[in-house]
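Residue numbering restarts at 1 for every chain, and letters A, B, ... go by the order of the sequence lines.
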Amino acid sequence: MSTRRIDTYRLELRKTGVMKTDALVYLHERMTAESEALNQLRDAASIDPGAIVVGTPDIHVGYGVPIGSVLGTEEFISPAAVGYDINCGMRLMLTPMGADDFPVERVADAIRRDLPLGEGKSNPALSLGGSALERVLARGVSGLLSVARSNAEIGRILDPERMEADLSKIEDEGCLQADPGVMSQKAKNRGASQLGTLGGGNHFVEIQRVDRVEDRRAARALGINEGQVVVMIHTGSRGLGHQVASEHMRIAVDCAARRGLTMPNKQLAYVPADSVEGRDYLNAMGCAANFAFVNRQVIAALVRNAVARVLARSLGMPTLYDVSHNIVKFERHGGRRLYVHRKGATRAYPASMMRNTVFDKLGQPVLIPGSMGTASYVLLGTESASESLYSVNHGAGRVMSRTAAAGKVRRRDGKILKPGMISDKRFEQTMKDVYLLCEDPHTIKEEAPDAYKDVDLVVDTVVGAGLAKVVARMVPLAVLKG
DNA sequence: ATGTGC
């Protein structure tokens, strides 16, 4: 057999057919993965003989490459192995308050007033002019800091001092190598009006209560206490990143064809990293990644302002950490330099890989959200995760498709074409303890807790395999979604 | 994920 179970947590996909190397999947023996997702991972193992190919416990089918994959390559890069939502990621912010004293619903209502939810939304209050946008694309959060310092109106919303304090708590300090000069005007235009918007799908802002601390020492070092209110943000680079991804996936198909590179399917098109097409993608992807870091920074400010308005005082609300889910970066692993694509996967560096950061003793914080009705986790990277290029999953992973969960509804007359698998009653039951604000009540069941895997079992797999250790578990109090 | 469609 080409698939071999190694232990309770690991599955090996042995080199067969188009594969140039083995692939490793972290999958608990009590869990299953779509065979199509595993085939996509096999395809991804065909592009570079020196590649490291890993599937995470939430692996599922994506465009060309599965969501929940890590692909470390020596020579080639693939826009599909990053995906459409470039630098989609998570941020966790702390409050000094316990859940019993916190006006959860009023704060959620206040956030909603300032934060546009759902697809296609723009935020006129934060619309950026050309040169401000260029600064943000080229320099990420530090670019935003300089915009906030030179523009009084934006500075009032963003609070530059608090932003500066956040910098060391963001992966790569919120800035990747990037060149706005390689971006299309169309991509820039889509971004200019979308800063400070949440987006749709699985993106969210969630007010949570720390339910359980599992590592007291680490929790103390991070400022986490049982019963405390925290806020989690999940969003990405919006239409700008989508535009960059689609343009470069098309360029990659043409470039690969011109160079006679073969691939199992066109969705997986790849290009030499050291080529015009490769460098342009990395520079454009960097811009989109910077835009996403900045978007989470802006939303953090909107949340802080909403909280301060309701409580009539600022709570500070420092950032615990901000991580990327969809990105490719040139990293050193052992003696090798690899282009590490993480698609629906989180970097989880141990302390030894966090030199020159504030986490050099502790390791990198890792944020894993569950579904909107279930727990989320804070973990820390460990030294034993070299096998996954120090990477873990990014969430619970779906067990049913969006249409299977919510059903398909004909828009014109409202007639149901195909009923969803989750009844309204069951949905309300699973959400009874959570205050839900959403833009579109007709599609929200796509995100129902029952549509996702059991996040506790997914995290058990990560811990059991030695990829990270749990610091704390949080439960949702209120959630805002597109 | 996405002004969700070549």
How many Å lie between [atom1] on [X] and [atom2] on [N], as a whole number?
X	N	atom1	atom2	result
A/F204	B/dA1	CZ	C1'	15 Å
A/E446	B/dA1	CD	P	10 Å
A/Y63	B/dT4	OH	P	16 Å
A/R398	B/dA1	CZ	C1'	12 Å
A/Q267	B/dA1	CD	P	17 Å
A/L117	B/dT2	CG	C1'	17 Å
A/E119	B/dT4	CD	P	8 Å
A/H203	B/dT4	NE2	C1'	14 Å

What nucleic acid atoms does [X] come within less than 4.0 Å of, heavy atoms only: base, sugar-phosphate, or nothing?
X	value
A/G62	nothing
A/G241	nothing
A/K343	nothing
A/G201	sugar-phosphate

Practice item. Name the orientation class of the two ring planes belonging to A/H60 and A/H394 (parallel below 30°, tilted from 30 to 60°, perpendicular beyond 60°). Key: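 Parallel, since the angle between the ring planes stays under 30°.
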Practice item. Decide salt bridge (Lys or Arg N to Asp or Glu O under 4.0 Å) for A/D58 and A/R398; before the verdict, give the C-alpha distance in whole Å, the side-chain angles of both, and the deciding distance to 0.1 Å. Key: CA-CA 7 Å; A/D58 59 342; A/R398 298 193 76 89; over 6 Å; no
Does a side-chain N or O from [X] land closer than 4.0 Å to OP1 or OP2 of [N], or not?
X	N	answer
A/N326	B/dA1	no
A/R402	B/dA1	yes
A/R238	B/dT2	yes

Check your understanding: Is the centre of the A/Y26 ring less than 6.0 Å from the centre of the A/Y9 ring?
Key ->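 No, they do not, as the ring centres are separated by 6.0 Å or more.
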Exercise for review: Please find out if less than 6.0 Å separates the ring center of A/Y321 from that of A/F359.
Suggested key: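 A/Y321 vs A/F359: aromatic centres under 6.0 Å.
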Check your understanding: Thinking salt bridges, do A/D166 and A/R304 make one under a 4.0 Å N-O criterion?
Key ->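 A salt bridge is present here (some side-chain N lies under 4.0 Å from a carboxylate O).
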Exercise for review: Could you tell me whether a side-chain N or O of A/H234 sits under 3.5 Å from a main-chain N or O of A/M90, the two making a donor and an acceptor?
Suggested key: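 The answer is no, because no donor-acceptor pair under 3.5 Å joins these two groups.
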Check your understanding: Who are the salt bridge (charged side-chain N to carboxylate O under 4.0 Å, His left out) partners of A/R258, not counting sequence neighbours?
Key ->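 Scan of A/R258 (salt bridge (charged side-chain N to carboxylate O under 4.0 Å, His left out), adjacent residues dropped) gives A/E277.
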Point to revise | Those residues of residues 76-89 of chain A lying under 4.0 Å from DNA chain B by at least one heavy atom | key: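 Here the set is A/Y84, A/D85.
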